[in-house]
Structure formats: C-alpha cells, structure tokens
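See structure below.
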Amino acid sequence: YPRGGRHFGSSATLLLIVIGLFAWRPPRRTLLLALLLGPLGFNFLAALFEKYPYGGSVRVSIFMAPAFCLLAGCGLAAVLVKSRAPRRISAFLCLALAAMPVAGIAEDLAHPYKILADQRCEEFADALAARLHAGDRVAGFVNALPDGAPNWFGLGGSGARLRWMLNRALPADAELLWNRVPDAESRLWVFAYVDDNDSANPWSESDFEAFIAPVIAARGAALQREHWPFQNAERVELLLFAALPADR
C-alpha cells in the first residue's frame with residue numbers, strides 16, 4: 001500500500017511503518033500497537049500448524065491492511081514534520097494518492113482481465129466454439145489421476161477458469177468430455193491443456209500421444225494442429241480429426 005508488490009515493491013511502505021512504530025505516541029500506546037499488530041502473531045502460529053497461509057498474497061492477509069496503512073500514515077506524518085515544506089509535500093502526496101485509483105480504473109478499462117492468460121483462454125474458448133460444425137464433438141486431455149479423471153486440483157484456478165469458459169462458449173451438443181473420446185462418428189476436436197503448476201503430475205507429452213493414438217488409428221492423421229499459448233507454461237494444443245470413415 002498504496003502500490004506495492006514483489007521484488008521489494010513495498011519497501012517504502014515498510015520503512016514508513018517502522019518509522020510510525022517509533023514516532024507514534026498516543027495514550028496507551030502499547031495496547032494500541034498490540035491491537036494493530038497482534039493478528040500477525042496469530043497468523044504466524046496458524047501457519048506453523050499449517051492451518052492458514054502466512055503472507056504470499058494480499059487476499060490472505062487483507063485483514064492487516066488497516067494496521068499497515070495507519071502506521072505508514074503515522075510514519076509519513078513524522079517525515080513531513082521534519083521536512084522543510086510539509087504543506088507542499090502533503091499536497092503533492094494527496095494528488096498522487098488521488099491519481100492512483102484513477103489510473104487503476106483506466107488500466108482496468110484497457111485490460112479488463114486479471115492476467116493475460118484469462119483473456120487468451122477466453123479467446124480460445126470463443127474461437128473453438130465459432131469453428132464447430134453441427135454434430136462436432138470435443139475431447140479435452142489434462143494430466144490424469146490413476147482412475148483417469150482429470151487432475152484439476154493441482155491446476156487450481158486456471159483449470160477452473162478453462163472449464164467455465166468452455167462450458168459457457170461451447171454448444172450443448174458438442175459433448176465435451178475430459179480424458180476420454182466421445183463415441184460419435186462426426187468430426188472430432190481434441191485439445192491438450194497444459195499448465196505446469198501441478199508439480200505432482202507434470203505434463204507428459206507421451207501420455208497425450210498415447211491418448212490420441214487410438215484416434216489416429218481410427219480417423220487418420222489430424223487435419224490440423226494448432227498451438228495456443230496463454231501465458232508462461234499454460235497453453236493448449238488443438239487438433240482436428242475427420243469424421244470416422246463410413247465403411248469402418
């Protein structure tokens with residue numbers, strides 16, 4: 001706060017908090033500091049017992065925002081008191097703080113998604129839906145558990161996002177199945193979803209080739225194969241197979 005992040009992006013805020021800890025002198029100072037910073041101790045204990053994460057993401061530590069902002073504000077006030085032009089600097093800081101949410105709104109309007117992979121995933125789902133012919137079927141392949149069910153747990157939110165966007169975009173008669181091929185004679189789209197977030201079940205090209213081997217044996221080589229990169233390791237490999245021969 002007001003604008004931090006990884007790679008020491010919140011160093012200035014941390015410095016102001018430390019200054020605020022020593023510069024702030026309210027009545028019952030110890031009690032108030034315990035009230036503001038006490039949750040950190042409980043958070044750390046919970047993390048030791050693996051009951052709640054400690055740091056790493058704003059969403060799991062948002063309850064500390066009021067304390068950090070108040071202490072950083074106290075530290076900033078102490079710095080301004082020592083400066084030669086506190087009123088001018090204060091006015092500049094107020095304008096800068098007011099400009100931040102305006103810039104954030106402009107950024108959200110220009111890029112209405114959290115990360116680039118979200119937009120590219122939506123583009124893939126919409127493009128696949130637009131290219132389906134009547135009767136086409138779709139099969140998706142992800143890293144598999146021993147029982148053959150898709151291992152969505154390790155992929156986390158990215159896998160959930162892909163499933164939601166495909167269910168929203170694809171027509172109901174497309175019959176999207178995961179890790180198995182639909183029993184239909186019409187054209188078949190097969191895609192492999194790759195996201196190396198799941199270290200327990202890393203992506204295996206050989207597993208995917210084994211998955212499509214029976215499809216190739218029955219329908220012949222893929223009519224086309226496309227590579228859809230989302231972001232970092234996340235991507236989709238899309239293949240189109242012809243309908244089954246009439247004399248099979």
Side-chain angles (χ1 to χ4, degrees), residues 50 53 56-57 113-248:
E50 298 183 355
S57 175
Y113 44 83
K114 184 176 181 180
I115 58 175
L116 182 60
D118 294 339
Q119 183 192 41
R120 290 179 174 171
C121 182
E122 184 175 22
E123 290 173 351
F124 164 72
D126 291 340
L128 177 58
R131 296 162 67 181
L132 291 180
H133 294 176
D136 281 5
R137 298 294 185 262
V138 183
F141 178 84
V142 296
N143 295 337
L145 291 174
D147 61 1
N151 179 14
W152 294 112
F153 182 79
L155 297 175
S158 61
R161 177 243 287 145
L162 174 71
R163 285 179 294 164
W164 183 85
M165 289 187 175
L166 286 173
N167 288 332
R168 174 190 60 82
L170 298 184
D173 63 357
E175 192 184 359
L176 170 60
L177 296 179
W178 296 102
N179 285 4
R180 62 189 181 94
V181 177
D183 184 15
E185 297 182 353
S186 56
R187 294 197 315 171
L188 175 65
W189 298 83
V190 179
F191 68 88
Y193 176 67
V194 182
D195 190 342
D196 288 341
N197 286 334
D198 187 4
S199 58
N201 294 277
W203 167 252
S204 172
E205 185 71 29
S206 61
D207 286 349
F208 177 59
E209 295 299 330
F211 175 75
I212 62 174
V215 180
I216 296 175
R219 299 172 182 261
L223 300 177
Q224 59 189 58
R225 182 165 184 165
E226 302 173 5
H227 177 72
W228 286 75
F230 288 178
Q231 193 173 11
N232 300 324
E234 189 179 5
R235 69 184 188 275
V236 163
E237 301 289 338
L238 178 65
L239 296 84
L240 171 61
F241 292 93
L244 286 169
D247 58 346
R248 67 185 181 95

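Between Val142 and Pro150, the closest heavy-atom pair is CG2-CB, 3.2 Å. Closest approach of Asn143 to Asn179, counting heavy atoms only: O-ND2, 4.4 Å. Between Ala129 and Ala169, the shortest heavy-atom contact is CB-O, 3.3 Å. Taking all atoms of both residues into account, the shortest heavy-atom contact from Pro182 to Leu177 is CA-CD1, 3.6 Å.
Using the six-membered ring where Trp is involved, Trp203 and Phe208 have ring planes that are tilted, between 30° and 60° apart.
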query: Hey, mind stepping through Leu132 and Val138 against side chain to side chain contact (heavy atoms under 4.5 Å, CB included) and telling me if it holds?
result: CA-CA 9 Å; Leu132 291 180; Val138 183; 4.0 Å; yes

task: Could you check Asp207 against Phe141 for side chain to side chain contact (heavy atoms under 4.5 Å, CB included), going step by step and ending with a plain yes or no?
output: CA-CA 9 Å; Asp207 286 349; Phe141 178 84; 4.0 Å; yes

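The OG atom of Ser158 sits 9.5 Å away from the CZ atom of Arg163 when rounded to the nearest 0.5 Å. With rounding to the nearest 0.5 Å, the separation of OH in Tyr113 from CZ in Arg161 is 12.5 Å. The OH atom of Tyr193 lies 11.0 Å from the CZ atom of Arg235; values are rounded to the nearest 0.5 Å. In this structure, CD in Gln231 is found 10.5 Å from CD in Gln119, a value given to the nearest 0.5 Å. For the atom pair CZ of Arg225 and CD1 of Ile212, the computed distance is 5.5 Å after rounding to the nearest 0.5 Å. Expressed to the nearest 0.5 Å, how far CG of Leu162 lies from CG of Asn167 amounts to 9.0 Å.
No more than 12 heavy-atom neighbours from other residues, nucleotides or ligands sit within 6.0 angstrom of CZ on Arg180.
Between Leu238 and Arg131 there is a side-chain heavy-atom pair separated by less than 4.5 Å. For the pair Val181 and Phe241, the minimum side-chain heavy-atom distance is 4.5 Å or more. Counting heavy atoms from C-beta on, the side chains of Arg187 and Arg137 never come closer than 4.5 Å. Residues Val190 and Phe211 have side chains in contact (heavy-atom distance under 4.5 Å, counting atoms from C-beta outward).
Residues Phe191 and Trp178 place their aromatic rings such that the two centres sit under 6.0 Å apart.
Residue pairs satisfying the side-chain hydrogen bond (donor to acceptor under 3.5 Å, both in side chains) criterion with at least one member in residues 212-224, sequence neighbours excluded, are listed as follows: Gln224-Glu226.
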